[in-house]
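Note on naming: letters A, B, ... go to the chains in the order of the sequence lines (proteins, then strands), and numbering restarts at 1 for each one. Any value given below was found using the heavy atoms of this structure, including those in side chains, with hydrogens, waters and symmetry copies removed.
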Number of protein chains: 2
Amino acid sequence: MSETCKSCGHSLCARRVPIFSHLDGEQLETVVSLIRRKHFDKRETLFFEGGVLQGLMIINRGKAKAYRHTADGKEQILHLFFPGDFFGEKSLFVDKKTEYNVAAIEPVDLCMISRKDFQRLMKDYPHINQKIMEELVSRIDHLESMIENLGAKSVDARIQSLLLELGQKALKQEKLEDGMEFVLPLSREGLANYIGVTRETVSRKLSALQEEGIIEMTGNKKIRVLDVDRLERT
Amino acid sequence: MSETCKSCGHSLCARRVPIFSHLDGEQLETVVSLIRRKHFDKRETLFFEGGVLQGLMIINRGKAKAYRHTADGKEQILHLFFPGDFFGEKSLFVDKKTEYNVAAIEPVDLCMISRKDFQRLMKDYPHINQKIMEELVSRIDHLESMIENLGAKSVDARIQSLLLELGQKALKQEKLEDGMEFVLPLSREGLANYIGVTRETVSRKLSALQEEGIIEMTGNKKIRVLDVDRLERT
DNA sequence: CGCGGTCTTGATGGTTATCAAGAAACGTGG
DNA sequence: CCACGTTTCTTGATAACCATCAAGACCGCG
């Protein structure tokens, strides 16, 4: 966990984040000057449940999961954060505890902007406010879809939604050649904790999809979706 | 579905809504002048999935549910709206379809403020902006809790959370005497569609809780929680 | 008071969690 | 680069739990 991230260029950090994408060069410089960076190894915890985040945290590189533990020890993943995603937005508006843990599922470079600095940014560049709102709204959309999946869909359908979601996210990150192929960001257990089943069930369902010729797995993490239509026909 | 709601006083409508609670009398008058009212009978649909809401919709009286139907016809309830709650906030920030239906589960008086008018309000009274943000954040919190319930908790635990949630909401609405007693806002089927089980299961679990002496049911809708601690020990 | 809708309860079956063991993948150090 | 040890993954057997199907009871409303 080094204090600074040497590998990421300054401007890159802010430029690839959607909420700053409309700023011009000079404005971006201002933003960049406010950013502190921090590196986390895989499996390191970025933040613990119950703590108060002191600002906006932006994933610059790597991926992270936000999750909770139930009373009986089960893990439920609430969000997957990819490069460009942020968390800690709650602390910008209300003085409340964060109710989930965030852990790196890949080595992560984190960009941090303090609450105070970010509030000034929002005042100086009001459009950022709008961007944050949009992000909150789309996060609500996503959470609502998760609820529909968990509450009303069969396990088969949940696995299919999961593969489509991860495939699309991967597609957005690195431009892919045709025939959706991507690397799973989570272990079987991670996938299971995202869709509310056990790792054994994930294993069995993926094997079944492979036998039906809908997907093809190479190694444990690489997946190629052969029949996207079949997945979408949920 | 009459065009105006005669029974609700003008100022009441805006005053009881948290997002306007900080405004003074004159400002409230302005808000009130922008409001259009509409009444819906029980079971009427306030809005259909796929439509674009044209402004902010505030429940002034009654209760409503927001829900989706899965491909195979199952209903999943996403939100319960009580008096003072609002929906349609998405339309204020982005031009996107609403992805759920909203239906009255009691006769509802609805206050509507058009997108354009509300955006002017936000400009004139910037604090409203902050209030909306706070509401979005707390809605995210609630959705995350639902996900934890649906994905990682046993059905018993989900029923218990449900009763606590409904009890607390009822407590907030009408001040209750001690010994949490309240009227269920939903049928067994409604409860079931909220926590992702079948109505038969809800029936059985409630009966079990009664036999254990944790709750007491009178009629189909009235519930008294005798042992709140046992419910909280999830 | 009687009817329609809602609710409860029982019997059964399907689906997934759990327990268990072996196989594959991965990382490490020689 | 290979061998080893560890972690992760797969697969099977079993059991628990809930959905489903079905019938009768209760409730609430006209």
Side-chain angles (χ1 to χ4, degrees), chain A residues 41-43 65 70 72-77 103 105-107 149-163 183-212 215-223 234, chain B residues 41-43 65 70 72-77 103 105-107 149-163 166 183-212 215-223:
Chain A
D41 294 332
K42 187 171 175 175
R43 281 164 210 274
K65 65 176 178 182
T70 57
D72 54 325
K74 275 193 196 163
E75 174 179 312
Q76 176 64 45
I77 295 180
I105 56 180
E106 286 179 10
N149 282 334
L150 291 169
K153 286 196 190 166
S154 70
V155 171
D156 288 313
R158 276 185 255 172
I159 295 264
Q160 290 172 17
S161 298
L162 173 71
L163 291 178
V183 175
L184 291 172
L186 291 167
S187 66
R188 297 291 180 274
E189 182 162 16
L191 298 174
N193 293 340
Y194 194 42
I195 62 172
V197 297
T198 60
R199 43 175 184 234
E200 291 96 329
T201 296
V202 172
S203 231
R204 277 186 253 265
K205 296 295 186 186
L206 287 180
S207 297
L209 284 174
Q210 179 160 240
E211 287 204 3
E212 294 175 61
I215 65 171
E216 188 178 61
M217 299 185 278
T218 42
N220 278 336
K221 289 284 169 62
K222 205 180 286 180
I223 287 213
T234 301
Chain B
D41 295 332
K42 187 171 175 175
R43 282 162 208 275
K65 65 175 178 182
T70 57
D72 54 325
K74 275 193 197 167
E75 173 178 312
Q76 176 64 45
I77 295 180
I105 56 179
E106 288 179 9
N149 282 333
L150 292 169
K153 286 196 191 169
S154 70
V155 171
D156 288 313
R158 277 186 253 171
I159 294 265
Q160 291 171 18
S161 299
L162 173 71
L163 291 177
L166 294 178
V183 175
L184 292 172
L186 291 168
S187 67
R188 296 291 180 274
E189 183 161 17
L191 298 174
N193 292 340
Y194 194 42
I195 62 171
V197 295
T198 60
R199 41 172 189 242
E200 293 96 329
T201 296
V202 171
S203 233
R204 276 186 254 266
K205 296 296 186 185
L206 288 179
S207 297
L209 285 175
Q210 180 160 242
E211 286 203 3
E212 294 176 60
I215 65 171
E216 189 179 60
M217 299 186 278
T218 41
N220 277 336
K221 288 283 168 64
K222 205 180 287 180
I223 286 214

Discussion item. If I take atom NZ in residue B:Lys205 and atom P in nucleotide D:dA19, what distance separates them, rounded to the nearest angstrom?
Written reply: 9 Å
Worksheet item: So does A:Thr198 get a side-chain nitrogen or oxygen closer than 4.0 Å to the phosphate oxygens (OP1/OP2) of C:dA17?
Response: yes
Discussion item. Using the rule given for side-chain contact (heavy atoms from CB on, under 4.5 Å), can you reason through A:Lys222 versus A:Met217, listing the C-alpha separation, both sets of side-chain angles and the distance that settles it, and then say yes or no?
Written reply: CA-CA 6 Å; A:Lys222 205 180 286 180; A:Met217 299 185 278; over 6 Å; no
Response to the item:
note: B:Ile215, atom CD1; C:dT8, atom C1'; distance rounded to Å ~ 14 Å
Item to complete: Identify the residue among B:Leu209, B:Asn149, B:Leu191 that makes a side-chain contact (heavy atoms from CB on, under 4.5 Å) with B:Ile159.
Response: B:Leu209
Discussion item. On the side chain of A:Arg204, is there an atom forming a donor-acceptor pair with the base of C:dT18 - under 3.5 Å, no angle test?
Written reply: yes
Worksheet item: NA contact type, A:Arg43, heavy-atom cut-off 4.0 Å: base, sugar-phosphate, or nothing?
Response: sugar-phosphate
Worksheet item: Without hydrogens or angle criteria, can the side chains of A:Ser154 and A:Asp156 be said to hold a donor-acceptor pair below 3.5 Å?
Response: no
Worksheet entry | Closest to side chain of B:Asn220, choosing from D:dC21, C:dC7, D:dT11 | C:dC7
Worksheet item: Could you give the CZ-to-P distance, from A:Arg188 to C:dA25, as a whole number of Å?
Response: 11 Å
Worksheet entry | Between P of C:dC7 and CG of B:Leu206, the distance in whole Å | 10 Å
Worksheet item: When all nucleic acid strands are considered with a 4.0 Å heavy-atom cut-off, which category describes B:Lys222: base, sugar-phosphate, or nothing?
Response: nothing
Item to complete: Could you state the atom-to-atom distance from CD of B:Glu200 to P of D:dG24 in whole Å?
Response: 16 Å
Worksheet, complete the sentence: Nearest-nucleotide check on DNA chain D, B:Thr201 vs A:Glu211; residue mapping nearer the 5' end is A:Glu211
Fill in: Presence of B:Ser187 side-chain N/O under 4.0 Å of C:dT6 phosphate oxygens OP1/OP2
no
Worksheet item: Rounding to a whole Å, what distance do you find between B:Lys153:NZ and D:dC17:P?
Response: 18 Å
Discussion item. In the structure I gave you, are the side-chain heavy atoms of B:Leu206 and B:Arg188 within less than 4.5 Å of one another anywhere?
Written reply: yes
Discussion item. Counting only side-chain nitrogens and oxygens, does A:Ser207 get under 4.0 Å of the OP1 or OP2 atom of D:dT10?
Written reply: no
Worksheet item: Does B:Lys74 make a side-chain N or O approach to OP1 or OP2 of D:dA19 shorter than 4.0 Å?
Response: no
Item to complete: Determine, stepwise, if the pair B:Ile77 / B:Leu186 fulfils side-chain contact (heavy atoms from CB on, under 4.5 Å).
Response: CA-CA 11 Å; B:Ile77 295 180; B:Leu186 291 168; 4.1 Å; yes
Item to complete: Let me know the distance between CG of A:Leu184 and P of D:dT8, rounded to the nearest Å.
Response: 15 Å
Worksheet item: Base, sugar-phosphate alone, or nothing: which one does A:Val197 contact when heavy atoms must sit under 4.0 Å apart?
Response: sugar-phosphate
Worksheet entry | Rounded distance (Å) that lies between atom C1' of C:dA24 and atom CD of A:Gln210 | 14 Å
Discussion item. If you assign A:Lys221 and A:Val155 each to the DNA chain C nucleotide with the nearest heavy atom, which residue ends up on the more 5' nucleotide?
Written reply: A:Val155
